[in-house]
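Counting starts at 1 for both ligands and their atoms, in listed order.
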Amino acid sequence: MGSKAVFLDRDKTILLPKGGEKYIYRVEDFHIPDKFIGALKKLIDNEYLLFVITNQGRIARGHLTENDVEELHKCLDSILKQKGVHISEFEYCPHNPRGTLHPYNIVCECRKPKTGMIDSIRNSYDIDVLNSWMIGDSYIDMLAGKKAGLKTIQVLTGSETYSKYADFVETDLVKAVSKILIG
Ligand SMILES: [Zn+2]
């Protein structure tokens, strides 16, 4: 029957940019509110596996490197682990067909709204898809989630307007988690 899971977008879903910056590139650029960590802990306590899936196509434009992404994930992982939150996998897509940097400037199967990152996780974990969720701030997260058969919640901590692929719209991660747990 498999495990329930929540697939989480990263930027402007679980991480907020620091100091009015638009993008999160490196460790020094992000902020995670304590209440967001608390919300993730509630999912763990209710036996959801957590996966972070993030498009980092700016690698293909030369704004950051895979090493920067991995450093950030290591740092985030250690912050979360101290509070009892285990992320089962961090997956990122470094590609962007409009990028300039070889070998990243390709059409790939992992860049959301494609489902490659979700599919790859499902190949390694036994996931109960019908009881699993995608949370993200953008329409591409909602579309990827829908295509993968997940229930979707759009959070309004990004700049996107309401997506027709969202099953629910909530103000932030805390409210999204309440939706999942309370219904
Ligand atoms: Zn990709």
Side-chain angles (χ1 to χ4, degrees), residues 2-3 5-17 21-30 32 40 48-80 86-129 132-155 157-161 163-167 173 176:
S3 305
V6 180
F7 294 84
L8 299 149
D9 171 53
R10 197 192 80 185
D11 300 346
K12 299 178 184 170
T13 298
I14 58 173
L15 301 185
L16 302 178
E21 291 297 320
K22 205 167 166 206
Y23 299 110
I24 297 169
Y25 291 145
R26 297 180 183 83
V27 167
E28 61 269 24
D29 302 328
F30 82 83
I32 180 163
L40 296 175
Y48 283 88
L49 295 180
L50 304 183
F51 300 97
V52 171
I53 56 172
T54 176
N55 280 359
Q56 294 296 324
R58 285 175 179 269
I59 290 172
R61 295 178 184 259
H63 293 288
L64 74 166
T65 64
E66 290 205 60
N67 194 48
D68 293 324
V69 174
E70 280 157 24
E71 284 289 308
L72 195 155
H73 289 170
K74 224 178 276 175
C75 173
L76 174 59
D77 195 41
S78 90
I79 291 169
L80 293 176
H86 173 67
I87 303 291
S88 296
E89 300 281 348
F90 289 87
E91 291 261 349
Y92 65 94
C93 163
H95 308 114
N96 186 338
R98 293 190 303 276
T100 49
L101 204 62
H102 179 79
Y104 301 115
N105 54 344
I106 56 162
V107 175
C108 66
E109 292 304 315
C110 41
R111 184 174 164 84
K112 294 177 288 186
K114 289 189 179 169
T115 58
M117 290 189 281
I118 299 171
D119 298 340
S120 125
I121 287 164
R122 287 188 58 196
N123 284 335
S124 311
Y125 294 81
D126 185 17
I127 305 289
D128 174 8
V129 174
S132 295
W133 298 77
M134 173 79 219
I135 304 176
D137 67 301
S138 101
Y139 83 95
I140 62 162
D141 299 314
M142 300 300 97
L143 181 51
K146 275 288 119 192
K147 287 198 292 187
L150 304 168
K151 290 179 273 190
T152 57
I153 305 179
Q154 186 178 12
V155 288
T157 33
S159 51
E160 298 273 344
T161 48
S163 161
K164 65 179 176 183
Y165 301 108
D167 292 323
L173 183 64

State whether the side chain of [X] and the backbone N or O of [Y] hold a donor-acceptor pair below 3.5 Å, judged by distance alone.
| X | Y | value |
| --- | --- | --- |
| E89 | I53 | no |
| S78 | C75 | yes |
| K112 | G145 | no |

**Plane angle bin for H95 and Y104 - parallel if under 30°, tilted between 30 and 60°, otherwise perpendicular** =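 Answer is tilted, since the angle falls between 30° and 60°.
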**Prompt:** Can you find a heavy atom in the side chain of P113 that is under 4.5 Å from one in the side chain of Y165?
**Reply:**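 Not touching, per the 4.5 Å side-chain cut-off.
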**Prompt:** Protein N, O or S atoms less than 2.8 Å from the Zn ion (ligand 1), ignoring waters?
**Reply:**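 You should have found C93 SG, H95 ND1, C108 SG, C110 SG.
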**Request:** Nearest 0.5 Å please: distance from the CE atom of M134 over to the CD atom of Q154.
**Result:**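 The CE atom of M134 sits 11.0 Å away from the CD atom of Q154.
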